[in-house]
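Numbering starts at 1 and runs along the sequence shown.
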Amino acid sequence: MTDTTTLRDISLSDGIYAELKNRLILGRYSPGDRLSMRKLAAEFGTSAMPVREALKRLSSEQVIESAAAKAFNVPSLSRKRAAGLFELRALLESAAVQAAHPFLTPALLDELEALCDRIDAHLKLRDFAAYMVDNRHFHFLLYRLADNPDLISMIEQLWMKTGPSLFHGLQEGGMAKLDWNADHKRLCRAMRAGQVEDFGAIMRADVEWGAEFYRA
């Protein structure tokens with residue numbers, strides 16, 4: 001294997017990892033889905049090696065589980081584990097939004113409020129795939145302002161772990177609520193008013209519904 005081939009495989013692996021991460025965060029895979037190395041290699045038009053590296057990376061992060069016959073599974077989370085993951089998310093994401101507040105701008109607040117309007121429309125139409133996209137966009141617009149790559153990485157790992165269960169629950173209808181956007185709107189109002197002391201508590205409330213749902 002040449003150095004050039006090695007570098008190309010690393011680059012492909014990073015790209016495949018990023019795409020699989022995106023699919024997991026957005027719930028494009030369901031709990032229990034099997035991720036076949038052979039099928040993914042055919043889908044991405046690559047050899048097995050970069051796919052294997054991407055899957056092993058996700059497995060090392062405990063996002064997916066190793067299975068037989070060169071495949072991995074998307075975990076089916078127990079209610080206890082799912083609740084614990086949402087509790088961790090609430091802690092980290094409340095810290096991230098507090099760290100972001102010095103960098104807020106009127107233009108960013110305009111964008112966040114526009115996202116709230118779109119999320120309302122998605123929920124009314126029960127377009128949960130679109131909801132997942134814009135909900136992620138809303139949260140990470142804020143978190144990336146904190147300029148803390150390690151914090152972002154930890155939050156993204158938790159979103160990868162909760163994404164499949166969240167989207168599955170939305171589709172099943174047991175988690176469908178039109179007030180899921182209420183805390184986003186509260187946060188925007190607090191930001192407009194400069195109520196910095198409320199940012200973390202509002203974000204924590206927004207995320208902790210997941211823990212409450214799975215504890216019920």
remark   = Looking only at heavy atoms, the pair that brings P75 and R81 closest together is CB-NH1, 4.3 Å
inquiry  = Is there a side-chain contact between Y214 and S165 in this structure, where contact means two heavy atoms from C-beta onward sitting under 4.5 Å apart?
reply    = yes
note = Rounded to the nearest 0.5 Å, the CG atom of N73 sits from the CD1 atom of I64 at a distance of 8.5 Å
query = Same cluster for L141 and M203 if Ile/Leu/Val/Met/Phe/Trp/Tyr side chains link at under 4.5 Å?
reply = yes
inquiry  = Using side-chain heavy atoms (C-beta onward) and a distance below 4.5 Å, is H184 in contact with N135?
reply    = yes
query = Above 12 or not: heavy atoms from other molecules or residues under 6.0 Å from CG of D147?
reply = no
ask   = Any idea which heavy atoms bring S59 and S66 closest together, and the distance?
value = OG-N, 4.3 Å
query = Any side-chain heavy-atom pair from L77 and L85 closer than 4.5 angstrom?
reply = yes
request  = Kindly say whether I202 contributes a backbone atom to a donor-acceptor pair with the side chain of D183 at under 3.5 angstrom?
outcome  = no
query = Would a 4.5 Å heavy-atom cut-off, applied to side chains only, mark I155 and F140 as touching?
reply = yes
key: Gap between atom NE2 of H168 and atom CG of L166 - 0.5 Å precision   = 11.5 Å
remark   = Sequence neighbours excluded, the answer for salt bridge (charged side-chain N to carboxylate O under 4.0 Å, His left out) partners of E208 is none
ask   = Do the two ring centres, one from Y131 and one from F128, sit under 6.0 Å apart?
value = no
request  = List for me each residue that meets side chain to side chain contact (heavy atoms under 4.5 Å, CB included) alongside L109, sequence neighbours excluded, and say none if there are none.
outcome  = L112, M191, R192
ask   = Are any non-hydrogen side-chain atoms of V63 and L20 less than 4.5 angstrom apart?
value = no
query = What is the distance from atom CZ of R186 to atom SG of C116, rounded to the nearest 0.5 Å?
reply = 12.5 Å
request  = Please determine which of D134, N181, D127 meets the side-chain hydrogen bond (donor to acceptor under 3.5 Å, both in side chains) test together with H122.
outcome  = D134
query = Taking C-beta and beyond as the side chain, do H137 and E111 meet within less than 4.5 Å on heavy atoms?
reply = yes
ask   = In terms of side-chain heavy atoms, does H139 have a donor or acceptor partner in D206 at a distance below 3.5 Å?
value = yes
ask   = Do the ring planes of F199 and H101 sit parallel (below 30°), tilted (30 to 60°) or perpendicular (above 60°)?
value = perpendicular
request  = Mind listing the closest non-hydrogen atom pair of M132 and G163 along with its distance?
outcome  = CE-O, 3.8 Å
inquiry  = Can you tell whether the side chains of D14 and R57 come within less than 4.0 Å, N to carboxylate O?
reply    = yes
request  = State plainly whether one hydrophobic cluster holds both Y143 and L91, where clusters connect Ile, Leu, Val, Met, Phe, Trp and Tyr through side-chain heavy atoms under 4.5 angstrom apart.
outcome  = no
task = Flag yes if more than 12 heavy atoms outside Q62 fall under 6.0 Å of its CD atom; otherwise flag no.
result = no
query = Can a salt bridge be assigned to the pair E87 and R215 using a cut-off of 4.0 Å between side-chain N and carboxylate O?
reply = yes
request  = Output the distance between atom CZ (F72) and atom NZ (K56), rounded to the nearest 0.5 Å.
outcome  = 8.0 Å
task = Please report the shortest heavy-atom distance between A146 and A96, naming the atom on each side.
result = CB-O, 3.9 Å
ask   = At what distance, to the nearest 0.5 angstrom, does CG of L40 lie from CG of L55?
value = 6.0 Å
query = Is it true that a side-chain atom of R204 and a backbone atom of A90 form a donor plus acceptor pair closer than 3.5 Å?
reply = no
Sequence neighbours excluded and cut-off under 3.5 Å, please list the side-chain donor-acceptor pairs for residues 24-31, or say none.
residue, atom, partner, partner atom, Å
R28, NH1, L26, O, 3.1
Y29, OH, R23, NH1, 2.7

query = L104 versus L142: any side-chain heavy-atom pair under 4.5 Å?
reply = yes
message = Please report the interatomic distance CZ(F44) to NZ(K39), rounded to the nearest 0.5 Å.
response = 14.5 Å
message = Tell me whether R136 is salt-bridged to E93, with the criterion being a basic N under 4.0 Å from an acidic carboxylate O.
response = no
task = Count the heavy atoms belonging to other residues, nucleotides or ligands that lie under 6.0 Å from CZ of R38, then report whether that count exceeds 12.
result = no
